[in-house]
Every structure is written in structure tokens, then in C-alpha cells.
Amino acid sequence: MAMRIEAVELRRVSLPLVRRFRTSLGTDTVREALVVRVMGDIGEGWGECVAGSDPSYSAEYVDSAWLTIRQHLLPRLGGVPDLQAVEVAPLLSAVKGHRMAKAALEMAVLDAELRAVGMPLSTFLGGASKAVTPGVSVGITETIPELLEVVSGYLADGYRRVKLKIEPAWDVSPVRAVREHFGDDLCLQVDANAAYRRCDAGELARLDEFGLLMIEQPLDEEDLLGHAQLARRLATPICLDESIVSARSAADALALGACSIVNIKAGRVGGYLEARAVHDVCTAHGVPVWCGGMLETGIGRAANLALAALPGFLLPGDISATSRYFSEDITAPFVLRDGQIDVPRGPGLGVEVVEATLEAFTSETEVIRI
Ligand code: NPQ
Ligand code: MG
């Protein structure tokens, strides 16, 4: 199936978070998302750009992605008569970087194409799982009692894996408190979002006694060598997030010994097809992967569920129920059922955008006609 793009609608959407989310990068109370609708001869498709409102997690942010899509990406897709989703990345390869912007467009074209042929994204990607086991990412809180209360709530909701956000001076004590309070059986891991430096290795080694599943991205995204050196000093496995921007960088990180687990986020690597390639590289090396999360709306959440249905996704991801983040979403909510979330079965992403809700949360719209 192929399409000709006739118009693209960009929307800035602001969804209030149910509780503020603090990480070593900053504090968010609202998720500002960029939603992309591609319209063409075969119908329409939806995509979501996972960039944040400022360049703190990565260099990309909503405004940069918006401009890049309009000025540099769409002009390379707009005139193509028989555009296929698999050609989107090659056609955009002359534009350096801007992977999250590229991923959003590819997702929308994939959705349009797969809807037109009636195939679910999970089937197209090669996923077999019907449901995935969710984890939950827990922000930095003001106090340890507050953290224990928040974690208790998530365990009561049915989450079976907990990830604590850490930063210097919020690491050993919260981890110890959670481990002591909930016991050794709790699947526990931490994520530093690059908040440490090579000279902090001694401090990070203090986490070894808590039996963590992994420590995610302790050092700078560009510091693969530092991660390799740190991996040799720590008993806790290192997982990379920000550093992995392509299948090639995943292969390099594994060859260097910089990590033994990989967090896959399609936006960060330029799309769901590249994300599958990262999965394939890791699986070929016997390295387990899991699906990261970027506080997606139902659009991105649906696509993440499809990706996480691939066989190498051996660890619970940051795919939580909608209610972990939002009281209202632009699609029907994803819910926990017996501690799992179902992979969408409908064609394409398998979700319908509720247009009235989308409109209510939209602060800016631009329609670009080809
Ligand atoms: C991570 N996500 O794994 C990211 C980081 C992150 C679920 O822990 C707005 C948009 C705020 C994206 C905060 C989780 C964000 C964001 C943190 C992503 O590193
Ligand atoms: Mg992370």
C-alpha cells in the first residue's frame, strides 16, 4: 500500500498530569505534545512527536520539531506519488538528526497505510504478544514518606516493576527506603537521566547492595566510554536510554560493553522501523530490551504497545496505564487488566482519536497543504 500526502495537520496539545513528575531534568505538571495528522488519497493517519516542551531530555523540543517538519521534512515527502512508510526514513535521511520529528511523520504514514489494508501495527512489526507487562516510572518526591506512599499506590494499582528517578543526593536513601519497605521481591530499577559524572562511580557503587534490575543512563548521552568503564566497576547492570539513537549506536554500545540492557524509544531512534532494528541488534547479541516511555498520549502509547509485543522485549517497560499520567486523554484510555495492558488489535495504531477532546486540549493548530 502506498499513499500520496495531501495535507498535514500539526497540533500542540497540553494534557495536565495527574501528579507532577520530577526527574533530574526538571519538573513537569503538564505534558505538551505535538500531534501529527497526515491526510492523503488513501485516508488519514495519526502520529505523535515525543519531544518535550524544552530541550532538557534531548536536543529536540516541540517548537524545533514543528519547524523541522514544516520546513525540511514535509517538502521531502509531499511530492512523492507512491509513498510507503518504509521509504519515509530513507527519504528524510538527508536531514541530519531531528529523529523525534521524523519518527512522528513515519508513525502517521504507517498508521494511514496499515488502516488502509486493515493490519495492526503489532502484526506489521512482527510482534506476537497479545498483552504486555507494564512498569511505572516514579518521579523524585519531596520526602521519603511521600515516595513510599506513591509507590504503595502504584503497587496497589497492579504495577509489578518500579523505576525510581534518581539524581545526586536522591539515590541511596530513597532506594534503601523502598527496598526495606517493600522487600527483596519488588522488581526495582533506577533512572538517572545522565545526572552523574565519571567521578561519581564510587557513589553509584553504593547502589549495588540493593539488588536493582539496572541503572539507566547514569552518565552523559555522549559518554559511551564512561559507561563502559562504569559497567566494569558496578555489579548493577547498566541500561542505556539517551545514548542509543540508532541501531548503529546500539551495536557500538554493546561492542564497547557500555550497557547490557537497552531502553528502546521509537522517537529517540527516528521511528518504529529503526526501533525494530535496535530490537533486532540487541536480540542478536542476547541483550534484553524494554520499551521506554515519554509521557505519550494514547497515540504514542498505542504504538509503544505494538512495539513492546516483539519477542526481545523481555523486561517490563515504562508503558503504564493512561491513568498513571492523565485523567483525560485524546483516545480511549489504556487500562491495566490482570496486571497487563492489551496490545491494540485494530488496524494501524488501533486507536481512535476523540476529536472533541483533541480540540479541547489543543492550543495551536497549523494545516500544511501540499
Ligand atoms: C526516561 N521517561 O525514561 C523518560 C524521561 C522523561 C517515563 O521516565 C515530558 C516529556 C517530561 C518527556 C520527563 C520516563 C518527561 C519526558 C522525563 C521524558 O528517561
Ligand atoms: Mg530514561
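Starting from 1, each residue takes its place in the sequence as its number.
- Counting heavy atoms from C-beta outward, Leu230 and Pro218 have side chains that approach closer than 4.5 Å.
- Summarising the geometry of Pro90 relative to Val86, their closest heavy-atom pair is CD-O, 3.3 Å, with the distance given to 0.1 Å.
- Both tests pass for Arg161 against the ring of Trp290: distance under 6.0 Å to the centre and angle within 45° of the axis.
- The ring-ring contact (aromatic ring centres under 6.0 Å, His included) analysis of residues 62-90, with sequence neighbours excluded, yields no pairs.
- Each of Glu221, Glu242, Glu167 was compared with Asn193 under the side chain to side chain donor-acceptor pair (under 3.5 Å) criterion, and only Glu242 meets it.
- Counting only residues at least two apart or in different chains, salt bridge (Lys or Arg N to Asp or Glu O under 4.0 Å) contacts with residues 291-317 are absent.
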Can you list, pair by pair, the side-chain donor-acceptor contacts under 3.5 Å of residues 257-273, counting residues two or more places apart and other chains?
{"from": "Asn263", "atom 1": "OD1", "to": "Arg268", "atom 2": "NH1", "distance (Å)": "3.3"}
{"from": "Asn263", "atom 1": "ND2", "to": "Glu216", "atom 2": "OE2", "distance (Å)": "3.0"}
{"from": "Lys265", "atom 1": "NZ", "to": "Tyr57", "atom 2": "OH", "distance (Å)": "3.1"}
{"from": "Lys265", "atom 1": "NZ", "to": "Asp241", "atom 2": "OD1", "distance (Å)": "3.4"}
{"from": "Lys265", "atom 1": "NZ", "to": "Asp241", "atom 2": "OD2", "distance (Å)": "2.7"}
{"from": "Arg268", "atom 1": "NE", "to": "Asp241", "atom 2": "O", "distance (Å)": "3.0"}
{"from": "Arg268", "atom 1": "NE", "to": "Ile244", "atom 2": "O", "distance (Å)": "2.6"}
{"from": "Arg268", "atom 1": "NH1", "to": "Asp241", "atom 2": "O", "distance (Å)": "3.3"}
{"from": "Arg268", "atom 1": "NH1", "to": "Asp241", "atom 2": "OD1", "distance (Å)": "2.6"}
{"from": "Arg268", "atom 1": "NH1", "to": "Asn263", "atom 2": "O", "distance (Å)": "3.2"}
{"from": "Arg268", "atom 1": "NH2", "to": "Ile244", "atom 2": "O", "distance (Å)": "3.2"}
{"from": "Arg268", "atom 1": "NH2", "to": "Asn263", "atom 2": "O", "distance (Å)": "2.6"}
{"from": "Tyr272", "atom 1": "OH", "to": "Asn304", "atom 2": "OD1", "distance (Å)": "2.8"}

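- Among pairs with a residue in residues 105-116, those fulfilling salt bridge (Lys or Arg N to Asp or Glu O under 4.0 Å) read Asp111-Arg115, Arg115-Glu352, at least two apart in sequence or across chains.
- Distance NZ/Lys163 to CG/Leu188: 12.0 Å, rounded to 0.5 Å.
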Which atom pairs, one a donor and one an acceptor, fall under 3.5 Å between side chains of residues 197-204 and the rest of the protein, sequence neighbours left out?
{"from": "Arg198", "atom 1": "NE", "to": "Asp223", "atom 2": "OD1", "distance (Å)": "3.3"}
{"from": "Arg198", "atom 1": "NE", "to": "Asp223", "atom 2": "OD2", "distance (Å)": "2.9"}
{"from": "Arg198", "atom 1": "NH2", "to": "Asp223", "atom 2": "OD1", "distance (Å)": "2.7"}
{"from": "Asp200", "atom 1": "OD2", "to": "Arg197", "atom 2": "N", "distance (Å)": "2.7"}
{"from": "Glu203", "atom 1": "OE2", "to": "Arg206", "atom 2": "NH1", "distance (Å)": "3.2"}

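- Residue pairs meeting the ring-ring contact (aromatic ring centres under 6.0 Å, His included) criterion with at least one member in residues 300-335, sequence neighbours excluded, are His279-Phe313.
- The existence of a salt bridge linking Arg4 and Asp41 is excluded, since no basic side-chain nitrogen approaches an acidic carboxylate oxygen closer than 4.0 Å.
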